[in-house]
Each structure stands twice: as C-alpha cells, then as structure tokens.
2 protein chains.
Amino acid sequence: MASAKTEVFTQEEQDLASFAKVLSHPARIAILKILAAQNACICGQIVEVLPLAQSTVSQHLKELKNAGLIKGTIEGPKSCYCINREAFEKLNQEFNSLFQTLQTEIAGNCC
Amino acid sequence: MASAKTEVFTQEEQDLASFAKVLSHPARIAILKILAAQNACICGQIVEVLPLAQSTVSQHLKELKNAGLIKGTIEGPKSCYCINREAFEKLNQEFNSLFQTLQTEIAGNCC
DNA sequence: TTGTATTATCGTACAAAAACGATAAACCAA
DNA sequence: TTGGTTTATCGTTTTTGTACGATAATACAA
C-alpha cells in the first residue's frame with residue numbers, strides 16, 4: 001500500500017504480487033474451492049456456505065473477477081461464476097517460475 | 001482484514017492465504033530474488049538496490065522471516081539473510097496442490 | 001404492470017499495511 | 001572507552017483492505 005514506488009519493480013514482480021494479493025484472503029480461496037468443487041456458481045449459494053454478508057461475498061467475487069481468475073455471466077437476475085482455467089494455468093506457471101528461480105539460483109548459502 | 005471471521009476457514013486456506021499475503025508486495029518478491037541471485041544477504045546491500053528506506057526494507061525482511069521464507073543470522077553489527085529452501089519447497093507444494101484442486105475438480109463448467 | 005428474488009454498488013467504519021524519520025541497540029575498530 | 005557502522009524498533013501518517021447495512025439495478029413471474 002502507500003506509495004509502493006511501483007515504478008521501480010519489474011512487471012513480473014508486480015504481476016505476481018497482484019495475483020498473490022488476490023489469493024491472500026481465506027475467503028477468496030474458499031470461494032475458488034467452492035466454484036471448483038461444485039457447480040455452485042450462483043452467488044447466493046456461496047453466501048449460504050460462507051459466514052459473510054452478501055455484499056462482502058459479492059465484493060470478493062468482484063476482485064477475483066477483476067484478477068481474471070474467475071469468469072462471470074449474468075443469468076437473469078442471478079450471476080453465474082466459474083473458474084477460469086486458462087488464468088490458473090498461467091498463474092501456476094508464473095509461480096513455478098518464481099519458485100524455480102528462488103530455489104536454483106542460489107550461488108551458495110551464507111547462513 | 002477486519003475480523004475476517006478466521007475461525008470458519010480451514011487451516012489450509014488460512015495458511016495459503018498467509019503465504020500469499022507475504023508474496024503480495026513487489027518489494028518482498030524483489031528481495032527474495034536478490035537473496036537468491038547473489039549472496040547479497042546483508043540488509044544494507046538490499047537497501048542500496050531498492051528505492052526504499054532502510055527501515056522499510058527491514059520491515060519487509062521481518063515479515064519474510066516471520067513467514068519462514070528466509071533465514072537470518074546476526075554477524076556482528078550486520079544481519080545476514082538467505083532463502084529458506086525447505087520453506088519454499090513446502091510452499092511450492094501447497095500452491096501446486098491448490099492449483100490442481102482448482103483445475104481438476106471441475107465437474108463441468110457452467111459459464 | 002406489479003411484485004419478488006437475486007446481485008451489484010454505495011457509503012461508512014474500523015483494522016491492517018506501508019512508508020518514513022528518528023532513535024535505540026549491538027558490535028567492531030581505534 | 002569512544003566513535004563509527006549496521007540493523008532493529010518506535011512513533012506517526014497515509015493508504016488500502018474488509019466488513020456490513022442500505023439501496024439501486026436487473027430480470028423473471030404472476
């Protein structure tokens with residue numbers, strides 16, 4: 001937060017940080033699991049399961065959607081959400097790339 | 001933040017969210033890369049590279065250390081930090097586990 | 001058209017994160 | 001011991017995140 005002097009960090013670092021931020025709340029992880037496990041794509045079904053107000057769940061869904069991790073379509077008065085597989089494949093790759101970098105490029109630990 | 005009603009979410013969800021939160025700032029990702037790439041384990045060297053105040057860098061280092069992602073040892077007046085490989089292996093596994101769950105357990109997309 | 005159900009958005013309150021300067025703490029060198 | 005170097009911590013300010021209730025918007029049913 002604050003200024004963050006975001007200009008200085010690489011695009012990759014900022015992208016990864018943004019994705020991580022979306023995953024940094026247990027409610028959003030729970031929502032993703034719900035979407036993945038069932039066809040419970042309707043917002044109301046998620047509200048029933050989670051102990052959060054409808055407006056709060058809707059807010060989390062919005063963030064997940066803004067990040068591209070889920071897709072949403074309107075079905076009449078209802079809204080249908082589901083996992084965006086392509087996005088997660090990309091995200092998975094980015095994380096793995098970071099992990100590989102961190103684990104392999106160690107020239108020799110000093111601790 | 002706020003209450004977060006953390007009691008309701010599973011331990012796995014909370015753990016993953018905590019790890020993600022640590023990675024949710026580009027400065028911390030940059031610090032991890034610096035530690036991995038060089039033997040620049042000294043706090044001062046990181047301060048030189050990043051456009052952040054020394055106190056801010058120290059704060060980020062503390063968070064990384066609290067999360068167990070890096071190890072730190074005191075060398076006289078200096079502090080030496082380095083990547084905790086074991087922690088990253090575990091983190092990598094947890095993320096991969098989540099990604100697999102999200103990508104495989106889709107019973108049939110509705111969007 | 002009127003009502004009902006569902007979801008999104010607005011406004012607000014509070015908690016947490018991020019940044020910085022200043023200062024304290026720790027250790028080595030002279 | 002004194003002074004210099006390095007890092008951690010404290011105090012503060014600003015920004016962001018989280019949560020909720022209330023309300024608006026949307027579309028279907030009667």
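A note on names: the letters A, B, ... follow the listed sequences, proteins ahead of strands, and every chain is numbered from 1.
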| message | For A/His60 and A/His25, take the angle between the two ring planes, folded into 0 to 90°, and tell me which bin it lands in: parallel under 30, tilted 30 to 60, perpendicular over 60. | response | tilted
I want to verify a distance call: between [options], whose nearest atom is closest to the [X] side chain?
{"X": "A/Lys21", "options": "D/dA8, D/dG17, C/dA8", "result": "D/dG17"}
{"X": "B/His60", "options": "C/dA19, D/dA22, C/dT7", "result": "C/dA19"}
{"X": "B/Ser58", "options": "C/dA8, C/dA19, D/dT9", "result": "D/dT9"}
{"X": "A/Ser55", "options": "C/dT9, D/dA8, C/dA8", "result": "C/dT9"}
{"X": "A/Gln59", "options": "C/dA8, D/dC20, C/dA18", "result": "D/dC20"}
{"X": "B/Lys78", "options": "D/dT7, C/dG21, C/dT7", "result": "D/dT7"}
{"X": "A/His25", "options": "D/dC20, D/dA8, D/dA19", "result": "D/dA19"}
{"X": "B/Glu63", "options": "D/dC20, D/dT9, C/dA18", "result": "C/dA18"}

Let me know the distance between [atom1] of [X] and [atom2] of [N], rounded to the nearest Å.
{"X": "A/Leu50", "N": "C/dT7", "atom1": "CG", "atom2": "P", "result": "13 Å"}
{"X": "A/Phe9", "N": "C/dA19", "atom1": "CZ", "atom2": "C1'", "result": "12 Å"}
{"X": "A/Glu48", "N": "C/dT7", "atom1": "CD", "atom2": "C1'", "result": "14 Å"}
{"X": "A/Leu61", "N": "C/dT9", "atom1": "CG", "atom2": "C1'", "result": "14 Å"}
{"X": "B/Lys62", "N": "C/dA19", "atom1": "NZ", "atom2": "C1'", "result": "15 Å"}
{"X": "A/Asn66", "N": "C/dT9", "atom1": "CG", "atom2": "P", "result": "9 Å"}
{"X": "B/Ile42", "N": "D/dA8", "atom1": "CD1", "atom2": "P", "result": "10 Å"}

| Using a cut-off of 4.0 Å on non-hydrogen atoms, how would the nucleic acid contact of B/Ser79 be classed: base, sugar-phosphate, or nothing? |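 Result for B/Ser79 = sugar-phosphate.
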| Can you find a side-chain donor-acceptor pair between B/Gln11 and B/Asp15 that sits under 3.5 Å? | yes
| request: Measure the spacing between CD1 of A/Ile42 and SG of A/Cys80 and express it to the nearest 0.5 Å. | output: 5.0 Å
| request: Could you check if a side-chain atom of B/Ile31 sits within less than 4.5 angstrom of a side-chain atom of B/Leu50, using non-hydrogen atoms only? | output: yes
| Does the side chain of B/Phe19 come within less than 4.5 Å of B/Leu69's, by heavy atoms? | yes
| Phosphate OP1/OP2 of C/dA8: any A/Tyr81 side-chain N/O under 4.0 Å | yes
| Which angle, to the nearest 10 degrees, lies between the helix axes at the two ends of the helix from C/dT1-D/dA30 to C/dA30-D/dT1, each defined by five pairs? | 10°
| field | Donor-acceptor contact below 3.5 Å, side chain A/Arg28 vs main chain A/Lys21 | value |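 Pair found, side chain donor or acceptor close to backbone of A/Lys21.
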| Using 4.0 Å as the upper bound for N to carboxylate O, is an ion pair formed by A/Glu94 and A/Lys90? |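 Salt bridge between A/Lys90 and A/Glu94, a charged N being under 4.0 Å from a carboxylate O: yes.
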| Under-4.0 Å salt bridge between B/Glu13 and A/Lys33 | yes
| query | Less than 3.5 Å between a donor and an acceptor, one on the side chain of A/Gln54 and one on the base of C/dA8, is that the case here? | reply | yes
